[in-house]
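Beneath this line is the structure, given in structure tokens, with notes to follow.
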Amino acid sequence: MDDLPHTESQKSLLIILQSAPYGNASIKDALDIALTCAAFEQPINILLMLNAAYALLPNQQSEAIEQKSLNKLFAALSMYDIESLHVSSEAEALLKPLEQQIPNQLIYVDSQQIATLIREHDIVQRF
Amino acid sequence: MSKTTLHTINKAPSDISLWQSCIAALQPGDALLLIENGVYAALEPELANGFPSIFYLKPDVEARGLLNTVPESLLVDDAGFVNLSCTHHKVVSWF
């Protein structure tokens with residue numbers, strides 16, 4: 001995988017999500033950071049691995065636990081030019097059948113590709 | 001500077017999925033610094049010997065009674081931690 005094209009004033013950011021959603025705010029916080037960086041035109045990639053893959057399940061109705069549904073937040077990413085999400089290949093069995101209902105384009109990556117993603121970004125932040 | 005990474009991990013090896021994810025991400029030239037409960041990996045030979053550039057943060061090793069288990073050449077103090085951070089392209093924390 002090549003370096004992301006970027007200018008002197010840009011740093012490429014890889015956000016790695018690995019916590020399950022709703023138990024804590026880490027996914028929401030991470031996406032807020034992604035949107036902020038995107039608004040400042042920094043190249044961003046998002047990788048979901050381990051329990052964070054659950055954040056892509058459709059039909060999350062979170063009103064009763066008084067939290068905002070992550071479905072809407074993920075749907076908003078394309079408005080900030082974050083068109084695709086990397087997802088670790090362990091989640092493919094779970095998510096592939098649901099792709100019609102997931103607003104984002106999913107790119108499945110194995111552990112070697114994940115290692116390459118980490119190497120090629122200037123900043124890697126895990127949540 | 002070639003794009004090597006300093007990885008830090010602060011959980012004990014019983015956090016299997018975290019350790020597996022971390023190890024899978026290690027590339028040639030990367031270093032792994034064990035901090036906090038991560039230093040308990042000293043008691044697991046497969047992990048302790050499984051990767052060429054492993055270091056242990058000394059105060060965390062001492063606190064946990066592991067000084068006799070970790071070779072002195074692999075102990076790093078805070079200044080060494082800073083040095084490791086500066087000699088790699090970036091730091092990725094596994095927690």
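Below, chains carry the letters A, B, ... as their sequence lines are ordered, and counting in each starts from 1. What's counted below: heavy atoms across the whole structure, side chains too, no hydrogens, waters or symmetry copies.
There is no path of hydrophobic side-chain contacts, each under 4.5 Å, that joins B:Val82 to B:Ile35. In the hydrophobic clustering of ILVMFWY residues, with side-chain heavy atoms under 4.5 Å counting as a link, B:Leu18 and B:Phe51 come out together. One hydrophobic cluster, built from ILVMFWY side chains closer than 4.5 Å, cannot hold both A:Val124 and B:Phe81; they sit in different ones. Placement of B:Leu47 and B:Phe95 in two distinct hydrophobic clusters is found when ILVMFWY residues are connected by side-chain heavy-atom separations under 4.5 Å, directly or transitively.
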I would like to know whether B:Gln27 and A:Gln112 meet side-chain contact (heavy atoms from CB on, under 4.5 Å); could you show each step before the answer?
CA-CA 9 Å; B:Gln27 296 268 61; A:Gln112 184 55 45; 3.5 Å; yes

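In terms of heavy atoms, B:Lys90 sits closest to A:Arg119 at NZ-O, 3.1 Å. Looking at every heavy atom in both residues, A:Ala115 comes nearest to B:Ala24 through CB-O, 3.9 Å. Scanning all heavy atoms of the two residues, the minimum distance from B:Ser93 to A:Arg126 falls at O-NH1, 3.1 Å.
Of the two parts of A:Leu50, only the side chain, counted from C-beta on, holds a non-hydrogen atom closer than 4.5 Å to a non-hydrogen atom of chain B. Residue contact with chain B, scored on non-hydrogen atoms closer than 4.5 Å, involves the side chain of A:Gln18 exclusively.
Of the inter-residue distances, the one linking B:Lys3 atom NZ with A:Asp122 atom CG reads 5.0 Å to the nearest 0.5 angstrom. Here A:Met49 contributes atom CE and B:Ser17 contributes atom OG; the two are 9.0 Å apart, rounded to the nearest 0.5 Å.
Enclosure of atom NZ in B:Lys11 by more than 12 non-hydrogen atoms of other residues, nucleotides or ligands within 6.0 angstrom is indicated. In this structure, A:Ile65 places its CD1 atom where more than 12 heavy-atom neighbours from other residues, nucleotides or ligands lie under 6.0 Å away.
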